[in-house]
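Scope of the values below: all heavy atoms of this structure, side chains included, with no hydrogens, waters or symmetry mates.
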Amino acid sequence: MEEKKLRQYDFITSLGLLIFGLWELSQALKMPMKDSYGGVQSVWYVSPALMPLFVGGGILVLGTILLLHSIRKGGAASFIQSVKHASEMKLTTKTKRILTVLLGFSTLIYLFIPHVDFYLSLTLFLSFICSAFYADSEEFRSSLTRRYFSGSLLFVLLIVTGFDKVLMGIFKYNLDILALMFLIYINIYSGKKGRRLSIDRKIFRQVTLVSLLVPLILCPLFRYFLLVPLPVEGGIIKLMNLAYYAIR
């Protein structure tokens, strides 16, 4: 790798190290330096904060050394120059595909799993990811990704503004209903867009089958056989509970 690029990466890495070091120090400072346990006064040199303070301080020192070195060698100037020209750069197809995968996983882990019925979260994720790539059409993938992003943004706004709690106060499963509507929309749009692009309908039938059946196997397996509580047991999981205990 060319020297200019290496020093640019050094600059970015040093900023990451400094941020992480400061965060670790801030967490370590929350720990007691000395305290009383069962009437015995502990001293500062046995505090659990010492090791995090030592590690955080070391990271800050090393990050500062790397930062100064990268600035002296032109890494900072190279980074600033690349940021200025970032708007002129075009994303490659490979990068766009990676962004689609990151969007799917990040919304699954940080958005849907913590707030929406677990079965619906998995089904929505599988429906989006499988449709986006199995169809093997860049136009279709880009179009579906934009719509999935817009729909996910709506859920983010509901949660950030607290309106999701208002909806769930009216009816406990309102957020699950919205997720179900979003899932239906994704499948309907995929079918219509696929027909417009002359993509084989069998692809979308297979995607729908996989996205419905895989969570239908995994959820009962974890919930009833491995006895693992699911993150959010919403409307669909409650229906599974009713069916399971009725059969049992």
Side-chain angles (χ1 to χ4, degrees), residues 1-35 42-116 121 124-125 128-129 132-133 138 141-142 144-162 231:
M1 189 181 293
E2 60 181 271
E3 180 74 13
K4 183 179 177 182
K5 246 342 183 195
L6 279 172
R7 299 294 76 81
Q8 182 179 332
Y9 291 150
D10 283 347
F11 178 74
I12 296 170
T13 303
S14 67
L15 293 180
L17 288 173
L18 289 173
I19 292 170
F20 180 74
L22 287 171
W23 174 80
E24 183 163 353
L25 284 178
S26 70
Q27 297 302 306
L29 290 173
K30 294 178 183 178
M31 299 179 186
M33 291 301 293
K34 57 182 180 178
D35 208 340
S42 65
V43 289
W44 66 269
Y45 52 80
V46 296
S47 170
L50 285 184
M51 179 58 75
L53 285 171
F54 177 76
V55 173
I59 290 173
L60 280 179
V61 171
L62 293 174
T64 302
I65 294 171
L66 184 61
L67 176 67
L68 294 174
H69 176 71
S70 64
I71 291 173
R72 190 168 62 251
K73 294 293 184 177
S78 175
F79 174 75
I80 293 169
Q81 196 68 22
S82 65
V83 170
K84 287 180 179 178
H85 295 291
S87 59
E88 301 172 7
M89 296 173 61
K90 290 186 177 180
L91 293 175
T92 63
T93 300
K94 182 179 178 180
T95 303
K96 290 177 181 178
R97 292 169 73 89
I98 291 172
L99 290 175
T100 296
V101 173
L102 288 176
L103 174 64
F105 275 102
S106 59
T107 51
L108 172 69
I109 296 168
Y110 298 108
L111 179 60
F112 293 118
I113 282 182
H115 299 97
V116 175
S121 299
L124 190 55
F125 166 75
F128 166 60
I129 289 294
F133 291 99
E138 284 305 305
R141 184 200 54 75
S142 296
L144 183 64
T145 301
R146 286 195 297 270
R147 279 157 179 78
Y148 182 82
F149 175 78
S150 300
S152 300
L153 191 59
L154 174 62
F155 280 88
V156 171
L157 291 174
L158 286 174
I159 293 164
V160 169
T161 58

Cut-off 3.5 Å, no hydrogens considered: what does the side-chain donor-acceptor table look like for residues 15-25, sequence neighbours left out?
none

For this session: Check ring-ring contact (aromatic ring centres under 6.0 Å, His included) between Tyr148 and all other residues, then give those that pass, not counting sequence neighbours.
Result: Phe128, Phe182

Exercise. When rounded to the nearest 0.5 angstrom, what distance separates CG in Leu102 from CD1 in Ile98?
Worked result: 7.5 Å

Residues 49-73 side chain polar contacts: donor-acceptor under 3.5 Å, at least two apart:
unit_1, atom_1, unit_2, atom_2, d
Thr64, OG1, Leu60, O, 2.7
His69, ND1, Arg72, NH2, 3.4
Ser70, OG, Leu66, O, 3.2
Ser70, OG, Leu67, O, 2.8

Exercise. From Lys96 NZ over to Arg141 CZ, what is the distance, rounded to the nearest 0.5 angstrom?
Worked result: 7.0 Å

Exercise. Excluding sequence neighbours, so at least two apart, what forms side-chain contact (heavy atoms from CB on, under 4.5 Å) with Pro231?
Worked result: Ile113, Phe118

For this session: Apply side-chain hydrogen bond (donor to acceptor under 3.5 Å, both in side chains) to Arg97 and list each qualifying residue two or more places apart in sequence or on a separate chain.
Result: Glu138

Exercise. Can you name the ring-ring contact (aromatic ring centres under 6.0 Å, His included) partners of Phe133, sequence neighbours left out?
Worked result: none

Exercise. With Ser152, which residues qualify under side-chain hydrogen bond (donor to acceptor under 3.5 Å, both in side chains), at least two apart?
Worked result: none

Exercise. What pairs of residues pass the salt bridge (charged side-chain N to carboxylate O under 4.0 Å, His left out) test when at least one of them lies in residues 10-21, not counting sequence neighbours?
Worked result: Arg7-Asp10

Seminar exercise, completed: Correct closest heavy-atom pair for Pro114 and Tyr110 would be CG-O, 3.7 Å

Exercise. So, does Ser121 use its side chain to make a donor-acceptor pair with the main chain of Phe112 at under 3.5 Å?
Worked result: yes

Exercise. Out of curiosity, Leu111 CG to Ile159 CD1, how far, rounded to the nearest 0.5 Å?
Worked result: 5.0 Å

